[in-house]
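Sequential numbering from 1 along the given sequence is applied to the chain's residues.
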Amino acid sequence: MTRTHRPRLGGALPFLLLSLPLGILGFVFVVTTTSVGVPTALVWVGIPVLMLLLAGTRGLADLERARVRGMLSATVPRPYRPLPEGPVRSRWLARARDAQTWRDAAYLIILLPVGIVEFTLVVVFWSVSLGLITLPVYYRFLPEGLYAFPSHDLRWVVVDSVPTALPWMALGVLLACASVPLTRGLAAGHAWLARALLGPTQRRIRAAEAGAATDTGAAPGVTAHNDTITANLPAGHSVAR
């Protein structure tokens with residue numbers, strides 16, 4: 001099993017804010033290259049587009065692995081199968097037949113809705129909490145020198161002095177305290193998603209561990225591939241034999 005890792009707030013907050021623009025980039029890239037490359041592949045025009053899809057998907061997936069490692073301190077091994085020796089065509093076919101390539105594409109598509117949820121929750125919770133905390137300072141600079149909720153025409157709540165702002169400031173502090181574990185929890189969930197789709201499957205981990213332990217005569221590329229997977233497993237990870 002893998003121990004639950006809670007990322008630090010300083011890395012989790014910018015990570016979640018970046019998930020939305022990167023999700024848009026990944027979604028647009030995968031959908032556009034697939035919709036253009038697949039129909040035109042019959043007349044060979046789409047072959048370069050599909051090659052761009054394969055290479056770009058892996059590149060964006062590597063960017064996500066680096067982002068998770070650098071900002072969340074969570075390692076996601078690079079689980080691609082070694083490319084065969086031989087002509088360029090066979091190497092591209094190996095990329096296309098590797099299931100990890102399509103798991104990368106699935107992650108890039110899922111990243112958009114996940115990024116929307118993460119960005120929305122983080123912005124709402126932190127902006128509301130910080131707005132309430134600083135309310136005793138800025139209410140006097142608002143129109144009429146007061147804060148009215150929901151509007152100045154319909155005043156359900158009116159803050160026009162420091163004493164009336166202090167209860168809302170206290171509420172903002174409580175909301176900020178709740179925003180910290182929420183942010184770290186969302187980041188931990190995203191790290192789990194990255195490991196699930198961008199990292200090796202349990203079957204591949206077992207194969208890599210078995211190969212690293214017993215296959216001393218394997219080709220150098222296969223041995224390096226197995227060593228990379230097993231060396232980068234999360235701390236405390238174990239696979240049932």
Side-chain angles (χ1 to χ4, degrees), residues 2 22-70 74-112 114 190-234 237-241:
T2 304
L22 291 176
I24 295 173
L25 173 64
F27 184 90
V28 171
F29 174 80
V30 172
V31 171
T32 301
T33 52
T34 302
S35 59
V36 172
V38 171
T40 57
L42 296 177
V43 292
W44 299 99
V45 177
I47 299 300
V49 180
L50 293 179
M51 294 170 65
L52 176 63
L53 169 65
L54 297 176
T57 297
R58 288 195 174 193
L60 291 174
D62 282 337
L63 175 63
E64 280 297 296
R65 293 185 186 97
R67 192 167 72 100
V68 171
R69 180 177 64 253
T75 301
V76 181
R78 196 172 187 266
Y80 304 113
R81 298 189 182 279
L83 296 179
E85 300 293 337
V88 175
R89 179 175 178 273
S90 64
R91 297 170 70 87
W92 282 104
L93 287 176
R95 290 186 178 94
R97 291 168 180 166
D98 191 344
Q100 183 57 46
T101 301
W102 307 111
R103 294 173 71 231
D104 291 346
Y107 174 89
L108 295 175
I109 292 175
I110 294 173
L111 184 59
L112 177 58
V114 169
H190 196 122
W192 176 88
L193 177 65
R195 288 197 190 100
L197 289 179
L198 299 181
T201 61
Q202 295 296 314
R203 179 180 178 182
R204 187 165 292 187
I205 291 173
R206 287 192 292 268
E209 289 179 337
T214 62
D215 197 356
T216 57
V222 176
T223 303
H225 169 70
N226 293 337
D227 291 344
T228 299
I229 292 179
T230 55
N232 289 286
L233 290 177
H237 181 95
S238 62
V239 179
R241 299 287 183 178

Expected list for residues 47-61: side-chain donor-acceptor pairs under 3.5 angstrom, two or more places apart:
{"unit_1": "T57", "atom_1": "OG1", "unit_2": "L53", "atom_2": "O", "d": "2.6"}
{"unit_1": "R58", "atom_1": "NE", "unit_2": "T101", "atom_2": "OG1", "d": "3.3"}
{"unit_1": "R58", "atom_1": "NH2", "unit_2": "D98", "atom_2": "OD2", "d": "3.4"}
{"unit_1": "R58", "atom_1": "NH2", "unit_2": "T101", "atom_2": "OG1", "d": "3.2"}

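- In terms of heavy-atom proximity, P77 sits nearest to R65 at O-NE, 3.7 Å.
- Using modelled atom types, one side-chain atom of T33 and one backbone atom of V30 make a donor-acceptor pair closer than 3.5 Å.
- With sequence neighbours excluded, the residues forming a side chain to side chain contact (heavy atoms under 4.5 Å, CB included) with T32 are V28, V36, listed by chain and number.
- Taking L112 as the reference, L20, I24, F27, I116 meet the side chain to side chain contact (heavy atoms under 4.5 Å, CB included) condition, with sequence neighbours excluded.
- When atom types are taken as modelled, the side chain of W102 and the backbone of R97 share no donor-acceptor pair closer than 3.5 angstrom.
- The heavy-atom pair separating V76 from A194 by the smallest distance is CG1-O, 3.9 Å.
- Counting only residues at least two apart or on different chains, no salt bridge (Lys or Arg N to Asp or Glu O under 4.0 Å) pair has a member in residues 31-55.
- The side chain to side chain donor-acceptor pair (under 3.5 Å) search around R103 returns Q100, not counting sequence neighbours.
- Scanning for side chain to side chain contact (heavy atoms under 4.5 Å, CB included) contacts around A94 gives L83, P84, with sequence neighbours left out.
- Figure legend: cation-pi geometry between R95 and W92, with NZ or CZ positioned under 6.0 Å from the six-membered ring centre and within 45° of its axis.
- Residue pairs meeting the salt bridge (Lys or Arg N to Asp or Glu O under 4.0 Å) criterion with at least one member in residues 44-56, sequence neighbours excluded, do not occur.
- With rounding to the nearest 0.5 Å, the separation of CG in L198 from CG in L193 is 7.5 Å.
- R67 meets the salt bridge (Lys or Arg N to Asp or Glu O under 4.0 Å) test with E64; sequence neighbours excluded.
- If you run side-chain contact (heavy atoms from CB on, under 4.5 Å) between Y107 and each of L111, I110, D104, only L111 comes through.
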